[in-house]
Amino acid sequence: MLKVGLVGFGFMGRMHFDNYVRLASEGEPVELVAICDLRIEELKSGKASGNMATEQEVYDLSAYRLYDDIATMLEQEELDIVDLTLPTPLHAEIARSILNKGIHVLCEKPVARHSADGWKMAETARQTGRTLMIGQCLRFWPAYAYLKSVVEDGRYGAVTGGYFFRGSGAPQDWFLDGEKSGGCILDMHIHDTDIVHWLFGKPDRVSTLARNVIPGSGYDAVSTHYAYSDGKVLNAQADWTLGGDYGFSMTYRVNFEQGNLVFENGELKVNPNNAPGFIPELSPESGYYHQLQYFIRSVAEGTSVATCTPESAVGSLEIVEAEIRSADERGAWIKVG
């Protein structure tokens, strides 16, 4: 049985909590035993906001050992896995220290604030032989996993173009400190950049237009073009300043030589050029559920996290860093290293 310590109990920590509890009830070899947060006394009786609903508003944590210090938790618990849902600048140092203790790590995206630190995380995982996976959850989201299968098996021919979008109202707290979060371009837009990377590999160049709307928060609205040698036309946009009753959306439209896929309002439609369109049958579960299930099984079986290696996640961060350089230069084409 894999014993898990969850570090961070904000919105994403609660989302992970919900899925650990469910997966354990379904027979996966995992047990959440400890939860750590600097504000654990406050958070255990309070709400956490996010762009999707968690299972509960206020959580009963009486069945878990609670800590407000990671070092203390690691000293007092015999853990197999630590799940990090902390602010981005804390990922690298904490993940590396935990890996060096022989503990497997699931770390929320982005992998780190800077790619140089991400590479250090990947190298530490390699040296220690522990599993490190970054929570690029769209790789596990059913509609995006289906798109991946269509790209790979070529059933509708080659991709000719595509568009990806994520949008919501503004987050709160440390997310609006651009120095910490990297702004919308690093915290939200990286989901779609990662999907572009996962589907097609690194682009040759990127051109990004972006702007700051909320003072001090970094780039809040972003639009990036990705250039590949085969000439396909790809764009990804994100905006976390969509207020009022907008809510949250994630969408895509990908064109193939012989059809197109459109994902919007939570529904995927496949439109072949020479046959009636249809809605494929997909798993009803979220990417968070599939991501944790995959990670738990990989650790339990001692297999590589091939769907989302740390090196691949760092590569996505490198693309975003090129996008930021392009935005700083008002859309100049920047070569991706």
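Numbering starts at 1 and runs along the sequence shown. Quick caveat: nothing in here was measured; it's all calculated off a predicted structure.
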So do V254 and F164 actually touch side chain to side chain, heavy atoms under 4.5 Å? yes

Which pair of heavy atoms, one from M121 and one from A92, lies closest together, and at what distance? SD-CA, 3.5 Å

Under 3.5 Å, is there a donor-acceptor pair linking the side chains of H290 and S283? yes

Parallel under 30°, tilted from 30 to 60°, perpendicular over 60°: which one fits the rings of F9 and Y59? perpendicular

Determine, for R39 against D68, whether the closest basic-nitrogen to carboxylate-oxygen distance falls under 4.0 angstrom. no

State whether the side chain of E321 and the backbone N or O of S115 hold a donor-acceptor pair below 3.5 Å, judged by distance alone. yes

Would you give the length of the straight line joining atom CD1 of I98 to atom CD1 of I81, rounded to the nearest 0.5 angstrom? 12.0 Å

With no hydrogens and no angle check, is any side-chain donor or acceptor of D177 less than 3.5 Å from a backbone partner on D173? no

Could you check whether any side-chain N or O of D220 sits under 3.5 Å from a backbone N or O of V213, counting only pairs where one atom can act as donor and the other as acceptor? yes

Using modelled atom types and a 3.5 Å cut-off, is there a donor and acceptor pairing between side-chain atoms of H104 and backbone atoms of T131? yes

Strictly distance-based, threshold 3.5 Å: is any side-chain N or O of R113 a donor or acceptor partner for the main-chain N or O of E179? yes

Got more than 12 heavy atoms from elsewhere within 6.0 Å of CZ, R155? yes

With a 3.5 Å distance limit and no angle check, can you tell me whether H191 reaches the backbone of L138 through a side-chain donor-acceptor pair? no

Test your reading of the model: is there a side-chain donor-acceptor pair from N212 to the backbone of I214, 3.5 Å cut-off? yes

Is a salt bridge present between E77 and R65, judged by a nitrogen-to-oxygen distance below 4.0 Å? yes

Please determine which of Y163, Y144, Y146 meets the ring pair (Phe, Tyr, Trp, His ring centres under 6.0 Å) test together with Y252. Y144

Does any part of the side chain of S229, heavy atoms only, come nearer than 4.5 Å to the side chain of D204, both counted from C-beta? yes

How long is the straight-line distance from OG1 of T208 back to CD of E329, given to the nearest 0.5 Å? 11.0 Å

Inter-residue atom distance W333.CH2 - S207.OG, 0.5 Å rounding: 5.0 Å

No-hydrogen, no-angle side-chain donor-acceptor test under 3.5 Å, H189 and T193: yes

Is there a donor-acceptor contact under 3.5 Å from the side chain of S298 to the main chain of Y294? yes

Should we say atom CD of Q127 is surrounded by more than 12 heavy atoms from elsewhere, each under 6.0 Å from it? yes

T88 and K180 have their tightest heavy-atom pair at CB-O, 3.9 Å

Got a second to check how far S249's OG is from F165's CZ, nearest 0.5 Å? 4.5 Å

Expected output: side-chain E257 to main-chain A158 donor-acceptor under 3.5 Å: yes

If the threshold is 4.0 Å, N to carboxylate O, is there a salt bridge linking R22 and E285? yes

Give a yes or no on whether the backbone of R96 and the side-chain of N100 come within a donor-acceptor separation of less than 3.5 Å. yes

To check you understand the geometry: which heavy-atom pair defines the closest contact between S326 and A332, and what is its length? OG-O, 2.6 Å

Nearest 0.5 Å, what's the CG-CG distance between D192 and L234? 11.5 Å

Smallest heavy-atom separation, V30 atom then M1 atom, equals N-SD, 3.1 Å

ILVMFWY network linking V305 to I134, side-chain heavy atoms under 4.5 angstrom: no

Is there a path of hydrophobic side-chain contacts, each under 4.5 Å between heavy atoms of I/L/V/M/F/W/Y residues, joining L6 to Y289? yes

Do you reckon L147 sits in the same ILVMFWY cluster as F200, going by side-chain contacts under 4.5 Å, direct or chained? yes

For A145 and W198, the nearest pair of non-hydrogen atoms, with its separation, is CA-CH2, 4.2 Å

Work out which heavy atom in P203 is nearest to a heavy atom in I319; give both atom names and the distance. CD-CD1, 3.6 Å

We want to know whether N255 and N260 form a side-chain donor-acceptor pair, criterion being a heavy-atom distance below 3.5 angstrom. no

Is the NZ or CZ atom of R14 positioned over Y20's six-membered ring, under 6.0 angstrom from the centre and within 45° of the axis? no

In this structure, are over 12 heavy atoms from other groups packed under 6.0 Å from K148 atom NZ? yes

Can a salt bridge be assigned to the pair R126 and E123 using a cut-off of 4.0 Å between side-chain N and carboxylate O? yes

Looking at side-chain heavy atoms only, is the closest gap between F256 and V150 below 4.5 Å? yes

Membership question, hydrophobic clusters at under 4.5 Å side-chain separation (ILVMFWY): are M133 and L90 in the same one? no

Looking just at side-chain N and O atoms, do D239 and Q237 make a donor-acceptor pair shorter than 3.5 Å? no

Distance in Å, C107 SG paired with L86 CG, rounded so as to fall on 0.5 Å steps: 7.5 Å

A side-chain contact here means heavy atoms from C-beta on lying under 4.5 Å apart; do L268 and I279 qualify? no

Got a sec: does the CD of E301 have more than 12 other heavy atoms crowding it under 6.0 Å? yes

Less than 4.0 angstrom from a charged side-chain N to a carboxylate O is my criterion; do D194 and K109 meet it? no

Distance under 6.0 Å and angle within 45° of ring axis: K269 vs F278: no

Parallel, tilted or perpendicular, as decided by the 30° and 60° cut-offs, for the rings of W141 and Y288: perpendicular

Would R253 count as a cation-pi partner of F263, with NZ or CZ less than 6.0 Å from the six-membered ring centre and within 45° of the ring normal? no

Note, I190 side chain near I185 side chain (heavy atom, < 4.5 Å): no

For a 4.5 angstrom cut-off between non-hydrogen side-chain atoms, does L79 reach L74? yes

Can you check whether V299 reaches D80 side chain to side chain, under 4.5 Å on heavy atoms? no

Check the orientation of F17 and Y64. Use parallel for under 30°, tilted for 30 to 60°, and perpendicular for over 60°. perpendicular

Residues, nucleotides or ligands: over 12 heavy atoms within 6.0 Å of E26 CD: yes

Determine, using the 4.5 Å side-chain heavy-atom cutoff (strictly less than), whether V196 and L186 are members of one ILVMFWY cluster. no

